[in-house]
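These notes are about the structure you will find just below.
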Number of protein chains: 2
Amino acid sequence: MTTHGEGSLKKVFRDNQLKATPQRLDVLKLLMTCSEHLDAEEIYQRLLKKKKNVSRATIYRTLEVLVEHDFVRKLDFGDGRMRYEQNQNPEEHHDHMVCQVCGKVIEFYNPKIEDLQELVAQNHNFVMLSHTMHIYGLCSECAEGHNGNE
Amino acid sequence: MTTHGEGSLKKVFRDNQLKATPQRLDVLKLLMTCSEHLDAEEIYQRLLKKKKNVSRATIYRTLEVLVEHDFVRKLDFGDGRMRYEQNQNPEEHHDHMVCQVCGKVIEFYNPKIEDLQELVAQNHNFVMLSHTMHIYGLCSECAEGHNGNE
DNA sequence: TTTTAATTGAGACGCATTATCATTTGGAAG
DNA sequence: CTTCCAAATGATAATGCGTCTCAATTAAAA
């Protein structure tokens, strides 16, 4: 259902007056088949490992394009570099919990919070275009370690 | 009530085994009497204008110290530089709406959202240490402009 | 005062990202 | 299948925020 062939990936770009170059297809395909939250350098290294012909500059430019067109979400977890994740259903917004010990990222969705955010914005006559919520702390595994149960 | 004299500002540092230098006092005093969300460069420029003797490096170091001790909150609105705000009552957490046109920052507090955040964390056995919520979009004034009421 | 560890200033440095520009290429038109 | 050109790429220089280094200064304890 959400599985697309090479052809449909090309369509993604062509439908937006963008050339469907091999480099763009490689970046998009990688993000579409990856559940992690990669940064630009990680994307670059993974494509290199797959013998793909691509440069860092193109990675950044492609990511910019993908974000502009809502195919990819750009995330800032406050560690000095941006991360990217696929954004298949822009309707189905989710937020993130980031473990400050192991770096693990847990996604969650809470409709009540979503509704309250919209409400808060309305109360201030603010037109909400996007929003982010990050919870920082210790994931269950790392919290155990800190309790001395190692 | 929340107005402190020079003496009490010095106490803030001395109570934490930190020297109460003029530079530190200047930075802290500026943040304590400023409702805006300044970045390091803006703080530096404002102190220069007041003929204060301070360097950029010291601004950054002082901010780091103030954040560590919870006197100041470090905020990331995703535009590539950090902003700082006073943090008088760490209990009373608030979040931010950022206008992407004029850059205005509106603070808001919603206890229900706070509770739900804590709940979500607990459901994942996640120990929440801090959290941020940012709503991006258009403030009421800038939204009017976009409706053609200019 | 003397003393010393903490702090400062100036600038070098690091790192993620963006800009530049000559070269290449996707894909539309013929 | 060629021609053609705007769009895209690669290599690398440049940018900008923030951190680090280290010699000189200073807060504040003795």
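Remember, predicted model here, so these are calculated numbers, not experimental data. So that the names make sense, note that chain A is the first sequence line, chain B the second, and so on, each numbered from 1.
For B/Asp79 and D/dG16, the CG to P distance is 14 Å, given to the nearest whole Å. Across the protein-nucleic acid pair, A/Arg81 atom CZ and D/dT19 atom C1' stand 16 Å apart, rounded to whole Å.
Annotation: A/Phe77 is in aromatic contact with A/His134 [ring centroid separation under 6.0 Å].
Side-chain contact annotation: B/Glu85 with B/His94, donor-acceptor N/O pair under 3.5 Å present. No hydrogens or angles considered: a donor-acceptor pair under 3.5 Å links the side chains of A/His37 and A/Glu107.
Within the 4.0 angstrom heavy-atom criterion, only backbone atoms of the sugar-phosphate kind lie near B/Gln23; the bases stay farther away. Within 4.0 Å of A/Arg56, counting heavy atoms only, lies no atom of the nucleic acid at all. Using a 4.0 Å heavy-atom cutoff across all strands shown, A/Asn53 reaches sugar-phosphate atoms only and no base atom.
For the pair A/Ala20 and A/Arg83, both in contact range of DNA chain C, the more 5′-proximal nearest nucleotide belongs to A/Arg83. Comparing B/Arg61 and B/Leu18, the nucleotide of DNA chain D nearest to each residue sits closer to the 5' end for B/Arg61. Ranked by how close their nearest DNA chain D nucleotide is to the 5' end, B/Lys19 and A/Thr21 are led by A/Thr21. Map A/Asp39 and B/Gln17 each onto its nearest nucleotide of DNA chain C; the residue landing nearer the 5' end is B/Gln17.
Two residues are said to be in side-chain contact when any heavy atoms from C-beta on lie closer than 4.5 Å; A/Asn16 and A/Phe71 meet this criterion. Contact annotation: the side chain of B/Arg46 never approaches that of B/Ile43 to less than 4.5 Å [non-hydrogen atoms, C-beta and beyond].
In the set D/dT12, D/dT9, D/dA28, D/dT12 carries the atom at the smallest distance from any side-chain atom of A/Ala57.
Along DNA chain C, the stretch of nucleotides lying under 4.0 Å from any heavy atom of chain A spans, 5' to 3', C/dA16 to C/dG27.
For D/dT9, the OP1/OP2 oxygens have no side-chain nitrogen or oxygen of A/Ser55 closer than 4.0 Å.
Although no hydrogens or angles enter the test, the distance criterion places a donor-acceptor pair under 3.5 Å between the side chain of B/Asn110 and the main chain of B/Lys112.
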